Amino acid sequence: MSDSTCPRNEEAVGWALHSLEPDEEMAVAMHLPECESCRTVAGDAGEVLSYLGAAVEQLDPPPSLRDRLMATVAETPQQLLAPSTGDAAPAPTATETPEPADAPRRDADRGSTRPPDNRPGRSSRWSRRGRRLVAAALAVVAVLTIGVLGVRNAQLSAERDAQIAQITAERDAQIAQLAEERDAQIAQAQSLENLLDEFDRPGVQHALLARQDGSTIAAVVSSDGRQQVFPIAVPPNSVDRDTYVLWGIAKGANPAPLGTFDVTAYDRGPLEVGWAADTTGYAAFAISLEPGRTAPAVPTAVVASGPVAA
Amino acid sequence: VPAAEDGEEWSAPPGPGADQAALGAVVAGQVRDALGKLPDEQRQALTLAYYGGYTQREVATITGVPLGTVKSRMFTGVQRLRNVLAPLIGDFGSDFLGGAR
């Protein structure tokens with residue numbers, strides 16, 4: 001048994017018994033992957049319950065048994081639970097007019113018909129022998145049912161284990177993805193905070209770099225002859241396949257490569273790029289994504305660009 | 001209800017070997033004893049659910065007790081069964097049940 005308990009341990013046993021309503025069943029199935037206590041309880045209960053199935057002897061019935069059973073069932077007047085549901089039993093004299101339930105003495109007037117509540121009465125068509133036959137048949141059915149249930153229970157347990165494993169795996173993957181997104185958002189917020197701090201310092205130039213659709217995805221801050229790139233919303237690159245390149249654009253000149261940098265989901269800068277270069281002459285900056293690990297002479301795919309703010 | 005099942009449901013799976021059959025008879029006896037030692041209301045709740053296939057709510061309706069009581073009866077009943085059957089499960093439980101799982 002588990003050392004710790006969970007308020008839902010009782011539900012876990014009900015689950016192992018396959019005795020919950022569908023909504024409860026779903027709730028427990030969702031709960032089990034995250035509760036070791038309930039998993040233990042359900043597993044232990046399943047083990048015990050397997051013995052209940054194993055406790056019943058498995059019989060191999062003769063093929064003719066089913067036919068005989070069905071024949072017996074067909075010949076047996078069916079006992080109805082409610083008088084208002086009509087009379088399905090082969091008792092012709094009672095089928096024409098349903099009797100009101102509050103006429104208990106009428107059956108005496110109508111000879112051998114059954115009493116109005118449809119239960120087998122004193123003059124029932126059920127012979128003692130017939131009842132014994134049915135009782136024996138039901139006993140056999142019960143034994144067979146129990147044997148089948150035991151096997152079925154084991155099959156269901158296996159299916160259930162597979163379902164739990166699948167739910168657990170899917171949930172773990174979702175959690176990992178959510179954690180990744182959250183870390184990326186934290187990194188992005190941290191990056192913006194650092195950027196705003198930089199803007200406040202005196203003697204600092206900056207450029208906001210936007211994509212062609214106008215959305216700002218990065219900033220370049222330069223001061224004291226060095227520049228930092230804040231890749232706020234730049235998509236991460238494949239470090240083993242390509243690299244980002246920062247370009248400085250002076251008036252009337254071709255873009256000059258200032259340095260390379262990589263963007264990961266967790267590191268949103270600031271990144272020191274090409275800080276040995278003299279950047280005071282540039283009117284604009286741009287970043288491009290380049291195949292390989294080195295900067296080409298001219299940019300191939302400009303990701304974002306923007307002028308230096310006055 | 002078996003009468004509505006396919007014909008093949010009627011043939012039990014191939015029986016275990018003679019040794020296992022003997023072992024099974026011992027296990028069956030012990031499980032029946034364990035069931036017999038349960039308080040009546042716990043045995044009733046468990047057998048209705050396990051052998052009868054009724055849900056806890058249906059068992060509550062059939063026996064006329066609150067649903068919460070049925071849940072705790074089944075829980076306690078299973079715990080008791082497990083305690084009584086602990087030696088059995090520990091000894092050769094996996095061997096005996098191996099074929100059925």
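Chain A is the first sequence line, chain B the second, and so forth, proteins listed ahead of strands; every chain is numbered from 1. Since the model is a prediction, treat every value here as computed from it, not as a measurement.
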Review point. In chain order, what residues pass the side-chain hydrogen bond (donor to acceptor under 3.5 Å, both in side chains) check against A/E24, with sequence neighbours excluded?
Key: B/K71
Check your understanding: Taking atom CZ of B/R32 and atom OH of A/Y51, what is their separation to the nearest 0.5 Å?
Key ->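 The CZ atom of B/R32 sits 15.0 Å away from the OH atom of A/Y51.
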Review point. Just how far is it from atom CD of B/Q56 to atom CG of A/L17, taken to the nearest 0.5 Å?
Key: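 Going from CD on B/Q56 over to CG on A/L17, the span is 7.0 Å.
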**Study point:** Toward chain A, the part of B/L35 with a non-hydrogen atom under 4.5 Å
**Key:**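 Side chain only.
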Point to revise | Derivation and outcome, side chain to side chain contact (heavy atoms under 4.5 Å, CB included), residues A/E10 and B/M74 | key: CA-CA 8 Å; A/E10 280 187 5; B/M74 288 185 187; over 6 Å; no
Check your understanding: Does the side chain to side chain contact (heavy atoms under 4.5 Å, CB included) test come out yes or no for A/V41 and B/F75, once each step is laid out?
Key -> CA-CA 9 Å; A/V41 168; B/F75 179 77; 4.1 Å; yes
Point to revise | Worked verdict on A/L52 versus B/V31 for side chain to side chain contact (heavy atoms under 4.5 Å, CB included) | key: CA-CA 7 Å; A/L52 295 191; B/V31 174; 3.7 Å; yes
Check your understanding: Which pair of heavy atoms, one from B/L85 and one from A/V48, lies closest together, and at what distance?
Key ->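 It is CD1-CG1, 4.5 Å.
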